[in-house]
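Since the model is a prediction, treat every value here as computed from it, not as a measurement.
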Amino acid sequence: MSGWTSWPSKEALSRENRSSARRAFGRGVRLLFAAAALWGILARTDLNGWLTAASVLGLAAVAVAVWAFFRFTLEHRAAPSVALIALMLGAAFGLHAAGADVPATLLWCGCAVLGMERLPLAAAAPLTGTALAAYALVGDSGGWLVTSLTVAGLGLIGYVVRLDAEARGNTQRLLVQERAARAAEAESAALAERARIAREIHDVLAHSLSAQTVHLEATRLLIERGVERDVVLGRVIAARQMAREGLAETRQALSALRGEMAPVEDFLRELVASEGADLEVEGEARYLPAEAGLAVRRVAQEAMTNVRKHAPGAKVALRLEYRSEEVELEFRDFGSRTPVDNSLRASGSGYGLLGMRERAELLGGALDAGPAEEGFVVRLRVPA
């Protein structure tokens, strides 16, 4: 029942989503109807001046009514729309009574098509039926067969025009929804990119600044105790070096996010070379996505930092394995010269490896960290 009482969509009734060719065709049809109706009045030689003038004025009033009908139906205002089309039907009867059969016939036919196109079917059906019945019974149609075919054709034309307008309106709505979805997707991608950059910068700065804070605090204590200048200077130089490393890592993170960073195995070779560690690369090396490459770098750096803090003097071995759909990094330390607490809290500093585990899970991977037979093992797997 709702299909009978529902209006055609505003997108279907609006002219804004129509092509220029379609709008030009619509204007041409209306001008043709107006010209034919005006000719039908002026060509009648049996009409006196008053009837001719009244018919022309009535035709002008009908043109205004058609314009208002278009506006009211676009706003889905039922009462004025039905009243206007009823007024146009009455004007057609008046034109017929005045002897202007051609404009009356055109007006009946136009009302039939417009009503079916722009009104709810519950209102369009009786109005269209009235217009077509008036055309068939009152108009000079040239025989029952021609009249029947014309009536059926006009009703079918009105319904086809309605369906075409609805299809065009649905297409317009889908286009608007697609544009909105693309805009939302672009905004979501931008927010995700900002979050990713913020996460990288946070990790780098948290790692660098925390180490600098430790060194600076130690420097303060040394100064208060009156330790020799060379010892204090060494601490300051170490803090400065860490600041430089933090800045370099920040630049590396931004370069990786732009896809400009060197292969991850090159980074690991530099890392192990500075620490005297071993690196083994398995599988066919390939370019890693930015986030996967950064995850491997950050885990290696965090694990190496933990070795410096909690297992000084331990030997370190790294293994990077390229698999078909993922990459695995295994970081293993053993042989420390000092007793080591192999609990996750002590070896992973709680937050450091916990943050790396969260990063891996966000990428659809996993990070395992725990004590081995000797030392500690960190194993990262991320899709790549």
Measuring only between side-chain heavy atoms, which start at C-beta, is [X] closer than 4.5 Å to [Y]?
X	Y	value
F331	L380	no
I157	M116	no
I85	F69	yes
V299	E302	no
V272	V316	no

Supply the atom-to-atom distance [X] [atom1] to [Y] [atom2], rounded to the nearest 0.5 angstrom.
X	Y	atom1	atom2	answer
N306	Q301	CG	CD	12.0 Å
K315	R332	NZ	CZ	14.5 Å
R77	R71	CZ	CZ	10.5 Å
L89	L84	CG	CG	11.0 Å
R319	E282	CZ	CD	5.0 Å
E321	R381	CD	CZ	11.0 Å

| task | Answer yes or no: is there a donor N or O on one side and an acceptor on the other, between the side chain of R357 and the main chain of L367, under 3.5 Å? | result |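 A pair under 3.5 Å: yes.
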
| So, does T73 use its side chain to make a donor-acceptor pair with the main chain of F70 at under 3.5 Å? | yes

| request: Sequence neighbours left out, what passes side chain to side chain contact (heavy atoms under 4.5 Å, CB included) with E224? Give chain and number order. | output: R220, L221

| request: Please name all residues satisfying side chain to side chain contact (heavy atoms under 4.5 Å, CB included) with A300, sequence neighbours left out, ordered by chain then number. | output: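 For A300, the residues satisfying side chain to side chain contact (heavy atoms under 4.5 Å, CB included) (neighbours in sequence not counted) are L268, L271, L318, L329.
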
How close do [X] and [Y] get, counting heavy atoms only, and between which atoms?
X	Y	value
R118	P8	O-CD, 3.9 Å
G293	V264	O-CG2, 4.1 Å
P383	A292	O-CB, 3.9 Å
A92	W108	CB-NE1, 3.3 Å

| request: Report the C-alpha separation of F376 and V307 in whole Å, then their side-chain angles, then the decisive distance to 0.1 Å, and conclude whether the side chain to side chain contact (heavy atoms under 4.5 Å, CB included) test is met. | output: CA-CA 9 Å; F376 199 82; V307 171; over 6 Å; no

| request: For the pair E265 and R269, find out whether any cationic side-chain nitrogen is under 4.0 Å from an anionic carboxylate oxygen. | output: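 Salt bridge absent between E265 and R269.
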
| Sidechain N-carboxylate O distance under 4.0 Å for R286, E284 | no

| message | Using the rule side chain to side chain contact (heavy atoms under 4.5 Å, CB included), only one of L363, L288, L294, L362 pairs with V382; which is it? | response | L363

| query | Who are the side chain to side chain donor-acceptor pair (under 3.5 Å) partners of S81, not counting sequence neighbours? | reply | none

Following the transitive rule for hydrophobic clusters with a side-chain heavy-atom cut-off under 4.5 Å over Ile, Leu, Val, Met, Phe, Trp and Tyr, establish whether [X] and [Y] coincide in one cluster.
X	Y	answer
V377	L279	no
V231	L216	no
L127	L107	yes

